[in-house]
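Notes for the one structure printed next.
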Amino acid sequence: MPELPEVETVRRGLAPAMEDARFEAVVAHRGDLRWPLPKDFVARLKGQTVVGLGRRAKYLLADLSSGDVLLMHLGMSGSFRVVRDGEAKTPGLFHYQRSDYGTHDHVVFRMSSGVTIAFNDPRRFGSMKLFPRSKIEDEPLLRSLGPEPLGNEFDAAMLAQACAGKRTSVKAALLDQRIVAGLGNIYVCEALNRSRISPRRVASTLATRAGAPQERTVLLVDSIKAVLADAIEAGGSSLRDHRQTNGDLGYFQHRFRVYDREGKPCPTRGCSGTIKRIVQGGRSTFFCPVCQK
DNA sequence: CCGCGGGCCTGAGAGC
DNA sequence: TGCTCTCAGGCCCGCG
């Protein structure tokens, strides 16, 4: 579910509750997540202070006073809920337990900032992991990620280079986290419509020509940055599971140009096309066959 | 190395 | 009402 804008929205919600706060208690209601929680998960967290909460691609990374990093991933259906003391429906050790939120609160943090944080994930495609900060360069989940799409490193020259020789579709290339890290199905579809590029175009056709990046590649990079920035500002997209950490919905779904809009008119100015749905790599792609070339 | 398809899970919605 | 089928925002693995 959550792509970069949703994860960044979650990070911004968690940061004031976690940064400079200590884990007073940790409960793992179940550890059989996408990958199993380590046996010493609770012991390694308890008593530690969160020095900073960052994000890399779709991963949240909490730096701990112990020197460990707590890595958290939301999978397809994960969410975090922050509840301040006094806001919970039922009293108890955490003032906020399973019965308060549902049956999928797999991990609950009680923080010294006076909040309880619940990680909820029905499908259990998300998980958490601990590793020493000193080993972050070796972390397999992070090691082969491409650049952050909102960073300076991601530009048309870099994308052109990464696409050179690739026989796969542009859609698949942009979903490949080794090329650029953080995009998912929604924002790839949206960025391609904004830049009027067909998702079926062969990726290598975005490569540099005559020594300079092509205009369409420049436009694609600009569109990716713009759609991500717009979505973050809107608190992400709430289709099924995504919530901001205070429980509010994101509202970028109201601004989708093509995603889940099969049969509706293309929003491109002057375009009379109709949004079409196709399947690429087993996943839905929404695009306008008229203006996206 | 590269690209593709399957699998991991649960829940919502459509169709009968 | 209730069953069955399909699909969902991600990512890893194994195959050819």
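Naming convention: chains lettered A, B, ... in sequence-line order (proteins, then strands); numbering from 1 in each chain. Owing to the predicted nature of the structure, the values given are computational and were not obtained by experimental measurement.
Atom CZ of A:Arg178 is separated from atom P of B:dG3 by 8 Å (rounded to the nearest Å). Distance A:Leu33 CG to B:dC9 C1': 11 Å, rounded to the nearest Å. Nucleotide B:dC9 holds its C1' atom 15 Å from the CH2 atom of A:Trp35, rounded to whole Å. One can place NE2 of A:His242 at 20 Å from P of B:dG11, the figure rounded to the nearest angstrom. Rounded to whole Å, atom C1' of C:dG10 lies 16 Å from atom CZ of A:Arg124. Between A:Leu74 atom CG and B:dC9 atom C1' the separation is 16 Å, expressed in whole Å.
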Evaluate the criterion salt bridge (charged side-chain N to carboxylate O under 4.0 Å, His left out) for residue pair A:Glu137 and A:Lys135; output intermediate values, then yes/no. CA-CA 5 Å; A:Glu137 301 298 326; A:Lys135 296 275 175 55; over 6 Å; no
Salt bridge (charged side-chain N to carboxylate O under 4.0 Å, His left out) for A:Arg133 and A:Asp63? Distances and angles first, verdict last. CA-CA 8 Å; A:Arg133 181 86 211 173; A:Asp63 267 303; 2.8 Å; yes
Run A:Arg257 and A:Glu190 through salt bridge (charged side-chain N to carboxylate O under 4.0 Å, His left out) and show every step you take. CA-CA 6 Å; A:Arg257 293 167 60 95; A:Glu190 293 297 308; 5.2 Å; no
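Put simply, NZ on A:Lys46 and CZ on A:Arg110 are 13.5 Å apart, with the number rounded to the nearest 0.5 Å. Here the CD-CG distance, from A:Glu8 to A:Leu60, works out to 8.5 Å after rounding to the nearest 0.5 Å.
Ring pair A:His73/A:Trp35 is tilted by interplanar angle, where 30° to 60° counts as tilted.
Near DNA chain C, meaning a heavy atom under 4.0 Å away, the residues from residues 253-268 of chain A are A:Tyr259.
On the P atoms, B:dC9 is 16 Å away from C:dG14, given to the nearest whole Å.
Evaluation of the side-chain hydrogen bond (donor to acceptor under 3.5 Å, both in side chains) rule for A:Asp138 yields no partner, not counting sequence neighbours.
Distances shorter than 4.0 Å separate none of the side-chain N or O atoms of A:Ser284 from OP1 or OP2 on C:dC7.
Residue-to-nucleotide contacts include a donor-acceptor pair under 3.5 Å from the side chain of A:Arg123 to the base of B:dC9.
In the hydrophobic cluster analysis, where Ile, Leu, Val, Met, Phe, Trp and Tyr join through side-chain heavy atoms closer than 4.5 angstrom, A:Val50 is grouped together with A:Leu130. In terms of hydrophobic clustering, with Ile, Leu, Val, Met, Phe, Trp and Tyr side chains grouped at heavy-atom distances under 4.5 Å, A:Val69 and A:Val51 are assigned to different clusters.
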Expected output check: what is the dot-bracket annotation of DNA chain B, where ( ) and [ ] are pairs inside the strand (brackets for crossing ones), | is paired with another strand, and pairs are Watson-Crick or G-U under 3.5 Å? .|||||||.|||||||
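Residue contacts for A:Gly184: at a heavy-atom cut-off of 4.0 Å it reaches the sugar-phosphate backbone alone, with no base atom in range.
Among pairs with a residue in residues 192-204 of chain A, those fulfilling salt bridge (Lys or Arg N to Asp or Glu O under 4.0 Å) read A:Arg194-A:Asp230, at least two apart in sequence or across chains. Among pairs with a residue in residues 189-215 of chain A, none fulfils ring-ring contact (aromatic ring centres under 6.0 Å, His included), at least two apart in sequence or across chains.
Side chain of A:His104, nearest nucleotide from C:dA8, B:dC8, B:dG11: B:dG11. Of the candidate nucleotides B:dC4, B:dC9, C:dC7, B:dC9 has the atom nearest to the side chain of A:Phe125.
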Given protein heavy atoms under 4.0 Å, the one-letter contact record of nucleotides 11-16 of chain C, with B base, S sugar-phosphate only and - none, is simply BS----
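Listed for the A:Arg55 side chain is no donor-acceptor partner under 3.5 Å among the backbone atoms of A:Val7.
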